[in-house]
Amino acid sequence: MDISTIFLLLSVCGPTWAFTLDLDYGGVPLWINRFLGEPSVLTLKDRMDPGWFRAVNTQSCPLECDCPIQWPTALYCDHRGLTQLPSGLPSHTQYMFLQGNNITILGSRSLANATNLRWLILDRNQLLSEQLFTRLVNLFINNNNLTRVPVGLPSGIKQLRLAYNRIEKISEGAFQNLDNLTLLLLQGNRLTTIEEGDLKGLGVLNLLDLSHNLLETFPKRLPPSVQQLYLSNNSLTGLTQNSLHGFNRLRYLRLGHNKLRNEGLDRGAFNLTSLVELDLSYNQLTAIPTIPTTLQYLYLEVNHIQEFNVSSFCRTVGPTSYSRMKILRLDGNKLEYHKLPPDWVFCLRVLHNIYI
């Protein structure tokens, strides 16, 4: 049994969910709603005899795939050495697992019969950029050879995972009319800049991952609906006072493993009261930047910080004027706990853990 994917099943008063951290799916957890009857992403390989399925399953099934009777709308064609999509796809197919093959092209009519397809997982193939005309809701093309964002994406798509490809630039209008897209993974590509208009049309985008690219400046005109923005492992050197302007819903910002310096950060760069978590670890900061008192989690480990400035957390200290910080990481800097200023405890009065 393939145990590379680990699931945690949680039973609550209501639907039961499955959770995976498998990097095949772009490094962002994949939730499967079993209450709605969605199949598991785990392969059936070595768990049940495919011959038995064929004997008892009256539905048509391509020879290269397994079609479990428990989920008659799912096709498991993963890790089969396929170079092209199986022929004779049943029209009732909604979930197709094709990860771990050698598919280079889908073909203009390869999915023509799969008119009800909702989930298509093509991670770890050899796909090149091409046009897709489907009714997909979730499209996974991580770890392929895409050089650009696929065109012709359906307006109903909600998840688009394009991590670890070879995308260097986002074509104009690539995301136009994707009004339902909530998750976009572009980490591990070769993007050097995000210009105004590159992400135009993404009105309800919630999570945007641009980490592990070649960005040197903070992206311009990102969708204001974003709540989770990941930009770690780039070459960013600073942020202006307007870099986060308009991000009134942003809660999680990850900027670790960049080249951030204090001289490149405007004093009000992080003046965003919606922020809950800010990751500035593994940069080149020599002082703690000014952050809002509403921030709860701050990661500053492995920088060059030598002084603990209370004013970075609290401009004033009083009965209602204090930091809401819960977790503060300063380990890997040039600080010592016994040298902290005595008034820090009045500012950080609800702190749960501090690491120095």
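If you check the side chains of Gln306 and Asn333, you find no donor sitting under 3.5 Å from an acceptor. Looking only at atom types and distance, the side chain of Asn242 has no donor-acceptor partner in the side chain of Thr240 under 3.5 Å away. For the 3.5 Å distance criterion, the side chains of Gln126 and Asn102 fail to qualify, holding no donor opposite an acceptor. A donor-acceptor pair shorter than 3.5 Å cannot be found between the side chains of Glu301 and Tyr299. Using modelled atom types, one finds a donor on one side chain and an acceptor on the other under 3.5 Å when comparing Arg261 with Gln284. Side-chain atoms of Ser211 and Asp209 include a donor-acceptor pair closer than 3.5 Å. For the residue pair Asn177 / Ser155, no side-chain donor-acceptor distance below 3.5 Å is found, with atom types taken as modelled.
Under the 4.5 Å side-chain contact rule for hydrophobic residues, Met325 and Ile356 share a cluster.
Aromatic ring pairs are classed by plane angle as parallel below 30°, tilted from 30° to 60° and perpendicular above 60°; the pair Trp119 and Tyr95 is tilted.
The shortest distance between side-chain heavy atoms of Arg249 and Ser225 falls below 4.5 Å. Side-chain contact between Leu183 and Leu185: present, with at least one pair of heavy atoms (C-beta onward) separated by less than 4.5 Å.
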Kindly determine whether Thr286 and Asn262 satisfy side chain to side chain donor-acceptor pair (under 3.5 Å), including the steps that lead there. CA-CA 7 Å; Thr286 55; Asn262 287 91; 3.2 Å; yes
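Glu307 has no carboxylate O lying under 4.0 Å from a charged side-chain N of Lys334, or vice versa, which leaves the two without a salt bridge.
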